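Values in this document were obtained by computation on a predicted structure and should not be read as measured data.
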Amino acid sequence: AKPAAAVVIPPVVPAAPAAKPAAPAAAAQPAVNLTPIPLAEYLAAEPLQSRAEPFAETTAAKVAKEGWNPAESAVTPPLVWRDPVTGKLYRSQGSSRAEGLRRLMAAGRPVPATIDALFIPATDRKGAVMAAISGNLKSAQETFVDTANAVVWGRQEGFSDAEIAAARQI
């Protein structure tokens, strides 16, 4: 007769605690330290950016069609710099929204009296340009031409290729 096979009883392993349900994705939060700027001054601000095109048509058309959305703009606010010597305002990010606002005005639709913007904390043009070179990466998809323009602009403003590459993450 064959001997009986040994029966192996697996150890009892306590069940893992039930997984907590995943937290809902956090809603985008508005930027802090926004400063209201009169609309006319915002629209008149000289662009301080390296993009190949002066604005993105899709964004300008969206603002023109849907109207101004301050909550949406507060999440990725226009980025501006005021030259401390001349007092002149420059717009680093938000040119597409500015174009959309111009279209709203031309159509006689409501526009805000002020635009909440985030100021670049630069004390001189060189610092503002560096912020603009790196900041435009965050606001919208850029092309190779935009990157090439940023390199040329950075060189014209006195930055080394290494500084531009670091700012552009290239």
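- Between Asp116 and Pro77, the closest heavy-atom pair is O-CB, 4.2 Å.
- Here the shortest heavy-atom pairing between Gly67 and Arg109 reads N-NH2, 3.8 Å.
- Between Ser73 and Arg97, the closest heavy-atom pair is OG-NH1, 3.3 Å.
- Contact between Ala45 and Arg91 at its shortest, heavy atoms only, is O-NH1, 3.2 Å.
- The minimum heavy-atom distance between Gln49 and Pro54, with the atom names listed, is NE2-O, 3.4 Å.
- For residues 34-43, every residue pair satisfying the salt bridge (Lys or Arg N to Asp or Glu O under 4.0 Å) rule, not counting sequence neighbours, is listed here: Glu41-Arg82.
- Residues in residues 64-73 take part in these salt bridge (Lys or Arg N to Asp or Glu O under 4.0 Å) pairs, two or more places apart or across chains: Lys62-Glu66, Lys62-Glu72.
- Annotation: side chain to side chain contact (heavy atoms under 4.5 Å, CB included) contacts of Asp124 (sequence neighbours excluded): Lys126.
- With a 4.5 Å cut-off on side-chain heavy atoms, Arg125 and Leu48 count as touching.
- Remark: Thr58 pairs with Ala56 by the side chain to side chain contact (heavy atoms under 4.5 Å, CB included) rule, at least two apart or across chains.
- Judged as a side chain to side chain contact (heavy atoms under 4.5 Å, CB included), and not counting sequence neighbours, the contacts of Ala61 are Glu57, Arg103.
- Summarising the geometry of Ser92 relative to Ile120, their closest heavy-atom pair is CB-CD1, 3.9 Å, with the distance given to 0.1 Å.
- Counting only heavy atoms from C-beta outward, the side chains of Pro78 and Gln93 never approach each other to under 4.5 Å.
- The hydrophobic cluster around Phe119 extends to Ile37, Leu39, Tyr42, Leu43, Val63, Trp68, Val80, Leu89, Leu101, Leu104, Met105, Val111, Ile115, counting ILVMFWY residues whose side-chain heavy atoms fall within less than 4.5 Å of a member.
- Annotation: the span from Trp81 atom CH2 to Glu46 atom CD amounts to 10.5 Å, rounded to 0.5 Å.
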